[in-house]
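Have a look at the structure below, then the notes.
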Amino acid sequence: MGWVQVPTFFHGGGENVNLQSIAAEVLEPLGYEVLEVQIQNPDRRPTVLVRIDRLDEQPVTIEDLSTASGALGLEFDLRDPIEGEYRLEVESPGPKRPLTRARHFERMLGLKVKVRAPGNAFTLPVTAVNGDTVVFEDPTQPDSRRELRLGEFQANLAEWPDRHR
């Protein structure tokens, strides 16, 4: 399944909390991995965007998004983490899936990934994962090999797989 979102509206009170931590605390026991949490339009009516995947690595369904959105919405209502009114959107990873853990890269071996690191930005296929080091290389491009340690760079899927991974 591709990109899907389930919008929900809430009012918040402004407690200073880590939205990523709240989302993980609520959703991991339900079988979901929180890939990322972003606040979009912070100066106007903010949107809290939560991208999830299933811990069992099956495709995210609309029912999953509804379950996750409902549970997270209730917790956000209880904790009031954002000042004023905001919109909550829970999405499946979609075509620009964030990759943060070794298992994410292992699942995407052979696919192109867009990587951003200090002084280093490139798009190359993932060719190996060795512990916490990810290897990127295009065999048709001499000297394209790059090895980076997890946590020292950001990466998103740049090539859509032909099947769910």
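Just so you know, these numbers use all the heavy atoms, side chains as well, and skip hydrogens, waters and symmetry mates.
- To the nearest 0.5 Å, atoms CD (E36) and CD (E91) are separated by 8.5 Å.
- Between the Q20 side chain and the V37 main chain, a donor and an acceptor come within less than 3.5 Å of each other.
- Between I22 and F76, the closest side-chain pair of non-hydrogen atoms falls below 4.5 Å.
- A salt bridge links D53 with R107; the closest basic N to acidic carboxylate O contact falls under 4.0 Å.
- Screening N130, L109, L148 against V135 for a side-chain contact (heavy atoms from CB on, under 4.5 Å) leaves a single residue, N130.
- Residues L27 and L72 are in side-chain contact: their nearest non-hydrogen atoms beyond the backbone lie under 4.5 Å apart.
- Distance check: H104 NE2 to N156 CG gives 11.5 Å after rounding to the nearest 0.5 Å.
- For the pair T133 (side chain) and R149 (backbone), a donor-acceptor distance under 3.5 Å is absent.
- For F105, the ring-ring contact (aromatic ring centres under 6.0 Å, His included) criterion is met by F153, not counting sequence neighbours.
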(request) Could you walk me through whether E25 and R79 pass the salt bridge (Lys or Arg N to Asp or Glu O under 4.0 Å) test, one step at a time? (result) CA-CA 13 Å; E25 180 183 312; R79 294 193 189 193; 2.5 Å; yes
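- In terms of heavy atoms, I39 sits closest to P46 at CG2-CB, 4.0 Å.
- No hydrogens or angles considered: nothing links the side chains of D64 and T67 as a donor-acceptor pair under 3.5 Å.
- Between I52 and L65, the closest side-chain pair of non-hydrogen atoms falls below 4.5 Å.
- The side chain to side chain contact (heavy atoms under 4.5 Å, CB included) test applied to D143 returns no partner, not counting sequence neighbours.
- Residues L157 and F136 fall within the same hydrophobic cluster, defined by Ile, Leu, Val, Met, Phe, Trp and Tyr side chains chained together at heavy-atom separations under 4.5 Å.
- Residues L99 and R97 have side chains in contact (heavy-atom distance under 4.5 Å, counting atoms from C-beta outward).
- A side-chain hydrogen bond (donor to acceptor under 3.5 Å, both in side chains) with E33 holds for exactly one of R54, R103, R51, R101; it is R101.
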(message) For L124 and Q141: C-alpha separation, side-chain torsions, deciding distance, then whether side-chain contact (heavy atoms from CB on, under 4.5 Å) applies.
(response) CA-CA 10 Å; L124 287 170; Q141 296 179 5; 4.1 Å; yes
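- Counting only heavy atoms from C-beta outward, the side chains of V115 and Q154 never approach each other to under 4.5 Å.
- Among residues at least two apart or in separate chains, there is no salt bridge (Lys or Arg N to Asp or Glu O under 4.0 Å) pair with a member in residues 108-127.
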